[in-house]
Amino acid sequence: MLDQRLLRDNPELITAQLARRGLDVDLTGVQLIARQERDLEQQRSELQAEGNRIGKQVGQLIQAGAAPNSSEVQELRDAGNRIKQQVAVLEEEEKVLESRLREQLLTLPNLPSPEAPDGRDERDNVEVLTWGEPRLPEAGETLAEHWQIAERLGLFESERSVRIAQSRFVTLLGAGARLERALISFMLDLHGRKGYQEVLPPILVNSASLTGSGQLPKFAEESFRCADDDLWLTPTAEVPVTSLHRGEVIPAEQLPLKYVAYTPCFRREAGSYGRDTRGLIRLHQFNKVELYWFCHPDHSAEAHQQITADAEAVLQALQLPYRKIELCSGDLGFSAARTYDLEVWLPGAGAYREISSCSVCADFQARRSGIRCKDGKATQLLHTLNGSGLAVGRTMAALLENGQQADGSVMLPAALAPYFGSDRIQAPQ
RNA sequence: GGAGAGGUGGCCGAGUGGUCGAAGGCGCAGCACUGGAAAUGCUGUAUAGGGGCAACUCUAUCGAGGGUUCGAAUCCCUCCCUCUCCGCCA
């Protein structure tokens with residue numbers, strides 16, 4: 001959520017920055033509401049001050065011995081009642097303005113960071129670096145896609161999963177299930193050694209949590225909802241972890257708070273029909289290990305580099321070639337001010353595919369969620385960052401495609417062997 | 001699910017209609033004392049919003065929301081949460 005004061009005093013700045021996202025917003029209406037609300041508040045509090053004075057006078061008169069039903073006291077009572085009525089009217093108007101203002105502010109995305117490159121869409125994203133040597137087919141060799149390999153090795157079951165749930169759900173089996181579990185443990189351990197505190201949060205979250213991290217009100221159709229309760233299936237661990245500290249004031253010396261959370265994630269993937277319908281890439285339910293920082297506003301820029309490096313470390317430890325791109329202003333997610341995407345090389349598909357997204361949200365989520373930090377006297381909103389470290393299913397896909405061997409087996413990176421129990425997945429005889 | 005108890009500042013805890021944003025204590029900060037420290041003493045110490053260059057000032061907030069009243073931490077209603085006991089349960 002954007003700052004109301006900024007809206008009142010400098011809406012041109014907001015308009016200009018949102019234009020970098022490709023949005024053409026007219027803020028005159030919202031600005032008017034914000035100003036009217038402030039004026040009303042002023043009138044109301046003056047009236048209340050008058051009412052308080054009258055209340056005190058009555059108390060003093062009665063204590064000094066005046067009869068409670070004397071005309072003097074009665075007059076003050078009447079005056080107090082008149083003020084009470086006026087205040088009630090103003091409060092009513094104020095409440096309406098306040099909720100309209102909040103409603104509108106909640107639909108506005110974050111301002112892009114000045115650092116974020118300008119651009120319209122993903123074609124304007126900027127490649128920052130590539131790591132590793134992308135595997136290309138040898139002469140005469142055909143590299144399979146991950147779902148082909150997985151099918152051959154019996155790692156998952158698609159058709160029967162429709163029976164259990166519906167399309168875009170997958171059941172992992174045997175070595176597939178074990179590899180998924182191994183990857184989750186591997187990632188949690190890796191980040192744990194770097195000072196991240198492990199969290200296993202609720203994956204049913206309430207509306208306030210989804211609003212706090214930016215998924216509501218605008219993206220309700222992206223999440224699964226439990227109709228009888230105010231609960232939703234979390235689309236990312238970012239949601240429960242943000243709300244872990246919702247409404248808190250955190251002493252600055254405790255910052256940064258660094259969390260690593262494994263959760264299943266649930267997304268409707270509305271509007272992506274027909275894309276990636278085979279395999280592990282775009283499912284309604286997938287596993288993700290998420291990195292999350294609460295940090296002091298002065299340090300969020302370095303934190304962003306660090307959280308991205310921590311996500312990259314997983315790819316490097318797994319020897320998966322990837323590239324790091326920076327999203328342009330027009331491709332940024334709703335809550336992000338600046339984002340690096342990590343894209344892993346998929347030799348079978350012959351393309352880089354997103355496997356991690358590392359964003360700094362500045363105070364956007366902190367304002368929605370009321371999370372502040374206090375150093376010395378000053379209390380201010382802190383900054384939040386999140387990054388996938390990594391999407392587990394996509395990591396498995398990358399391992400399968402990158403490790404595929406001519407004999408049908410898949411070689412796994414050495415770092416994973418202790419977790420998986422073997423350095424390769426054998427083809428069935 | 002049933003029965004009971006309770007939610008007050010960073011923490012503990014008093015306050016059951018009137019000058020209470022709230023005693024007292026702890027903690028924290030500053031000053032004094034000291035060679036330095038401890039102990040002691042004094043002073044200060046909630047949050048949000050509005051106005052003001054500032055000193056400062058106004059408003060709201062005692063779990064949340066409503067109500068009664070000139071006036072509510074205190075009385076009434078609804079909800080939420082925590083604890084204890086019982087039941088059920090992985």
Side-chain angles (χ1 to χ4, degrees), chain A residues 1-10 30-102 105-106 200-212 226 228-231 240 243-255 257 264 294 297 363 365-382:
Chain A
M1 194 160 63
L2 303 176
D3 189 0
Q4 290 188 32
R5 263 171 297 197
L6 188 64
L7 174 68
R8 279 201 306 257
D9 302 338
N10 196 357
V30 214
Q31 195 204 11
L32 189 66
I33 295 174
R35 290 191 164 160
Q36 281 175 341
E37 197 217 336
R38 192 210 17 210
D39 293 345
L40 272 180
E41 184 184 345
Q42 236 168 92
Q43 284 180 45
R44 191 213 68 223
S45 67
E46 273 165 32
L47 272 173
Q48 281 175 324
E50 178 60 21
N52 287 342
R53 276 193 292 275
I54 291 173
K56 275 185 187 173
Q57 276 181 48
V58 174
Q60 280 165 355
L61 283 174
I62 290 174
Q63 288 209 326
N69 51 5
S70 66
S71 63
E72 193 182 11
V73 170
Q74 196 52 49
E75 260 171 50
L76 285 171
R77 282 189 177 158
D78 293 344
N81 271 325
R82 279 195 299 274
I83 285 176
K84 195 158 67 167
Q85 279 167 22
Q86 293 174 49
V87 167
V89 171
L90 290 179
E91 264 176 350
E92 205 52 47
E93 288 177 45
E94 211 179 320
K95 225 182 260 180
V96 171
L97 287 180
E98 212 178 289
S99 71
R100 267 169 56 196
L101 179 63
R102 184 173 163 81
L105 277 176
L106 282 176
L200 194 62
I203 53 178
L204 265 62
V205 297
N206 57 36
S207 301
S209 297
L210 280 163
T211 306
C226 306
D228 292 339
D229 308 274
D230 176 32
L231 288 172
S243 280
L244 189 60
H245 291 294
R246 179 147 47 88
E248 291 185 21
V249 178
I250 299 167
E253 61 271 16
Q254 286 177 20
L255 298 176
L257 294 172
F294 297 86
D363 62 12
Q365 293 177 324
R367 184 174 290 106
R368 287 174 163 248
S369 298
I371 311 174
R372 291 164 297 161
C373 64
K374 180 171 187 164
D375 58 314
K377 287 251 170 196
T379 306
Q380 58 182 327
L381 294 169
L382 50 70

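Chain naming here is simple, since letters A, B, ... match the order of the sequence lines and numbering starts at 1 in each. A quick note: this is a predicted structure, and the numbers were derived from the prediction, not measured.
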Please step through side-chain hydrogen bond (donor to acceptor under 3.5 Å, both in side chains) for the pair A:Q86 and A:R82, ending with a clear verdict. CA-CA 6 Å; A:Q86 293 174 49; A:R82 279 195 299 274; over 6 Å; no
From C-beta outward on [X], which listed nucleotide comes closest to its side chain: [options]?
X: A:R372; options: B:A48, B:U59, B:C70; answer: B:A48
X: A:R44; options: B:G50, B:U47, B:U59; answer: B:U59
X: A:R38; options: B:U47, B:G51, B:G49; answer: B:G51
X: A:I62; options: B:G50, B:C70, B:U59; answer: B:C70

Does the pair A:D9/A:R5 count as a salt bridge with the N-to-O cut at 4.0 Å? no
Is the shortest side-chain N to carboxylate O distance from A:E98 to A:K95 below 4.0 Å?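 Looking at A:E98 and A:K95, the cut-off is not met.
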Between [X] and [N], is there a contact of a side-chain N or O with OP1 or OP2 at under 4.0 Å?
X: A:R8; N: B:G50; result: yes
X: A:K374; N: B:G10; result: no
X: A:R5; N: B:G49; result: yes
X: A:R53; N: B:G71; result: no
X: A:K84; N: B:G71; result: yes

Using a heavy-atom cut-off of 4.0 Å across all strands, would you classify [X] as base, sugar-phosphate, or nothing?
X: A:Q60; result: base
X: A:I83; result: nothing
X: A:R82; result: nothing
X: A:N52; result: sugar-phosphate
X: A:Q63; result: base

